[in-house]
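For reference, the structure is listed below as structure tokens.
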Amino acid sequence: MRRIFALAITAALLPLPSSAAPSNTDVEAQFESWVQKDLWPEAKAGGVSEKTFKAAFSGITLNWNLPDLAPPGFPPPKEQKQTQAEFSSPGPYFNEDRLKKLAATGRGFAAQYSSTLKRIEKTYGVPGSIVLAIWGRETGFGAAKIPESAIEVLATKAFMSTRKEMFRTELVAALHILDGGDVTPADFKSSWAGALGQPQFMPTSYLKYAVDFDGDGHRNIWTSVPDTLASIANYLVKKGWQRDRDWGFEVSIPEAVSCAQEGPDLAKPLSHWASLGIERISGKAFPAGEMKAQGMMLVPAGRDGPEFIVTANFYIIKEYNNSDLYALYIGNLADRIDSNGGVFEGEWGDVGKMLRSDVAALQKALERQGYDVGGSDGLPGYKTRRSIGQWQAKNGMKPTCFPEASMKGRLK
């Protein structure tokens, strides 16, 4: 009896077994229930037909190979610490071999679709070269494989990603696309992130901006080049593209002119920038039609890289992909397609070697001193760059408008 009692006490002191983590099969069952009991009522209330809904989810299972998943019952994904990685110099983004190939292909398509592009320019006011550049950058002029089932990707992410609400909105929008009859579920293809077709529109963007430009009654951004190109142009126009304006100009900024003047909120007439001695690096004059219009300074690598005066259209390109470098890439590629332009003449310096954690620390220190750096994410956007330039000038340093290792000891 004493032995049994001792064993009982020992057993009582042992930790209780934790409940077994769910298997993939368990999660799949939860997914099926979620589709029918949670998603379908919302889709039905929004006007999606039962026929469309059933066709959309026929054979659909969870895609466990997608990134950023957080399956229910599984340990939460570890937060990805990006602070220890070095942020890259802007220079490698502009791979010259890649740009040359895209430009050559783009010029070929400019000739092939000349009449379509002229009609697009007349209708939307967006240069064909800009439309072609975006098409080329997004999917290699339609050559990139887009193999994923859009519904499978969006449903997986809406059910168990780290951004469920965003993808749920996109999933419901995707069901409305199918319900509209523009595309069948079998042809409804996306990237692993849920971006659709050759322009890589998210479903909500498709509903707002996709157009039928070939006149067949369907908005087809998967196989119709006219629909693809016109949809890109319509997107830009709806975002505010200004007809008959350039995207921007590479310039030379005199040393006496502060680099801490960049950003869309510090726009000035182009005539103002010219009065400061800022000139196009090509030696050409600024277009006369631009002189009274607003322009903005842009120094993506501070004083250690190409310098630009950009127009409002530059920031419309950024609506497509919120990155200064992306918009510069599109502008440069468009110039190459349109007028055989080449590399930026200003050289990218050896920048971007600091750790993101160090840059984030600099940003936090600047914030404590009252500077608006646009957030302490360790990446130097224009607000960070100009804050650095302002701080450097205030402390008797030559403004470079870019994070430097020498600042770490002085800016705490």
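Residue numbers count from 1 along this sequence.
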Run Phe308 and Asp324 through side chain to side chain contact (heavy atoms under 4.5 Å, CB included) and show every step you take. CA-CA 11 Å; Phe308 305 89; Asp324 287 340; over 6 Å; no
Given the rule in the side chain to side chain contact (heavy atoms under 4.5 Å, CB included) test, do Leu132 and Leu117 qualify, once you have shown the distances and angles that lead to the verdict? CA-CA 9 Å; Leu132 288 169; Leu117 290 166; 3.7 Å; yes
Does Glu138 form a side chain to side chain contact (heavy atoms under 4.5 Å, CB included) with Ile232? I'd like the steps, not just the answer. CA-CA 11 Å; Glu138 292 298 320; Ile232 293 170; over 6 Å; no
Thr123/Phe213 under side chain to side chain contact (heavy atoms under 4.5 Å, CB included): CA gap, chis, key distance, verdict: CA-CA 11 Å; Thr123 303; Phe213 206 69; 4.2 Å; yes
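Residues Ala210 and Ile221 approach most closely at CB-CG2, 4.4 Å, considering heavy atoms. The two residues Leu298 and Val310 come nearest to each other via the heavy atoms CD2-CG1, 4.0 Å. Leu175 and Ile151 get closest at one heavy-atom pair: CD2-CD1, 4.1 Å. Nearest approach of Leu62 to Val27, heavy atoms of both residues: CD1-CG1, 3.7 Å. Summarising the geometry of Val373 relative to Thr384, their closest heavy-atom pair is O-OG1, 2.8 Å, with the distance given to 0.1 Å. Gly295 and Leu270 get closest at one heavy-atom pair: CA-CD1, 4.1 Å.
Phe286 and Trp273 have their aromatic ring centers separated by at least 6.0 angstrom. For Trp222 and Phe188, the ring centers are positioned less than 6.0 Å apart. Phe201 and Tyr206 have their aromatic ring centers separated by at least 6.0 angstrom. When ring centroids are compared, Phe57 and Trp40 stay outside the 6.0 Å threshold.
Annotation: the span from Leu229 atom CG to Ile130 atom CD1 amounts to 13.0 Å, rounded to 0.5 Å. Going from atom NZ of Lys118 over to atom OG1 of Thr116 covers 11.0 Å, rounded to the nearest 0.5 Å. Expressed to the nearest 0.5 Å, how far CG of Asp265 lies from NZ of Lys383 amounts to 6.0 Å. Distance check, rounded to the nearest 0.5 Å: CD of Gln261 to CD of Gln390 gives 9.5 Å. In this structure, Asn63 CG and Lys157 NZ are separated by 9.0 Å, a value rounded to the nearest 0.5 Å. In this structure, the separation between CG on Leu362 and CD on Glu404 is 10.0 Å, given to the nearest 0.5 Å.
By the neighbour-count criterion of 12 heavy atoms within 6.0 Å, atom CZ of Arg243 is densely surrounded, having more than that number from other residues, nucleotides or ligands. Surrounding CD of Gln112 are more than 12 heavy atoms belonging to other residues, nucleotides or ligands, all under 6.0 Å away. For Arg98, the CZ atom counts as loosely surrounded, since its 6.0 Å shell holds 12 or fewer non-hydrogen atoms of other residues, nucleotides or ligands.
With hydrogens and angles ignored, the 3.5 Å screen pairs a side-chain donor or acceptor of Gln363 with a backbone N or O of Gly378. Asn234 places no side-chain N or O within 3.5 Å of a backbone atom of Ala230 that could act as its donor or acceptor partner. Between the side chain of Tyr124 and the main chain of Trp241, no donor-acceptor pair closer than 3.5 Å is present. Of the possible donor and acceptor atoms, one in the side chain of Glu250 sits under 3.5 Å from a partner among the backbone N and O of Gly346. No donor-acceptor pair closer than 3.5 Å links the side chain of Thr400 to the backbone N or O of Arg303. A donor-acceptor pair under 3.5 Å is absent between the side-chain atoms of Asp304 and the main chain of Trp348, judged by distance alone. Remark: side-chain polar atoms of Ser33 are not paired, donor with acceptor, to backbone N or O of Ala29 under 3.5 angstrom. Of the possible donor and acceptor atoms, none in the side chain of Glu279 sits under 3.5 Å from a partner among the backbone N and O of Ser252. Side-chain atoms of Asp214 come within 3.5 Å of backbone N or O of Asp216 as a donor-acceptor pair. Judged by distance alone, with hydrogens and angles left aside, the side-chain atoms of Arg356 form no donor-acceptor pair with the main-chain N or O of Leu379 at under 3.5 Å.
Counting only heavy atoms from C-beta outward, the side chains of Tyr382 and Pro264 approach each other to under 4.5 Å. Put simply, the side chain of Leu39 reaches to within 4.5 Å of the side chain of Leu171, judged on heavy atoms. Trp64 has its side chain out of reach of Thr156: every pair of non-hydrogen atoms, C-beta onward, lies at least 4.5 Å apart. Residues Met397 and Trp391 have side chains in contact (heavy-atom distance under 4.5 Å, counting atoms from C-beta outward). Here the side chains of Val183 and Leu196 are not in contact, with every heavy-atom distance at 4.5 Å or above. Considering only heavy atoms from C-beta on, Leu266 comes within 4.5 Å of Arg386 through its side chain. Taking 4.5 Å as the limit, some side-chain heavy atom of His272 sits within range of a side-chain heavy atom of Leu276. Glu262 has its side chain within reach of Arg385: a pair of non-hydrogen atoms, C-beta onward, lies under 4.5 Å apart.
Only one option out of Asn313, Thr311, Asn332, Asp335 pairs with Trp247 in a side-chain hydrogen bond (donor to acceptor under 3.5 Å, both in side chains); it is Asp335.
For the disulfide bond (SG atoms under 2.5 Å apart) condition, no pair includes a residue of residues 129-247, sequence neighbours left out. For residues 139-195, no residue pair satisfies the disulfide bond (SG atoms under 2.5 Å apart) rule, not counting sequence neighbours. Listed by first then second residue, pairs satisfying disulfide bond (SG atoms under 2.5 Å apart) with a partner in residues 242-273 read Cys259-Cys401, not counting sequence neighbours.
In this model, a donor atom of one side chain and an acceptor atom of the other lie less than 3.5 Å apart for Ser49 and Asp179. In this structure, a donor-acceptor pair under 3.5 Å is present between the side chains of Ser23 and Asp26. Thr204 and Glu170 form a side-chain donor-acceptor contact under 3.5 Å, judged by distance and modelled atom types alone. With 3.5 Å as the limit, one finds no donor-acceptor pair spanning the side chains of Asn65 and Trp192.
Between Arg336 and Glu96 a salt bridge is recorded (basic side-chain N to carboxylate O distance below 4.0 Å). Between Lys44 and Glu50 there is no salt bridge, since no side-chain nitrogen of the basic residue lies less than 4.0 Å from a carboxylate oxygen of the acidic one. Taking a cutoff of 4.0 Å between a charged side-chain nitrogen and a carboxylate oxygen, Lys408 and Asp358 qualify as a salt bridge.
Cation-pi geometry between Arg137 and Tyr326 is not met at under 6.0 angstrom from the ring centre and within 45 degrees of the axis.
Phe109 and Trp135 have tilted rings, their planes meeting at an angle from 30° to 60° on a 0 to 90° scale.
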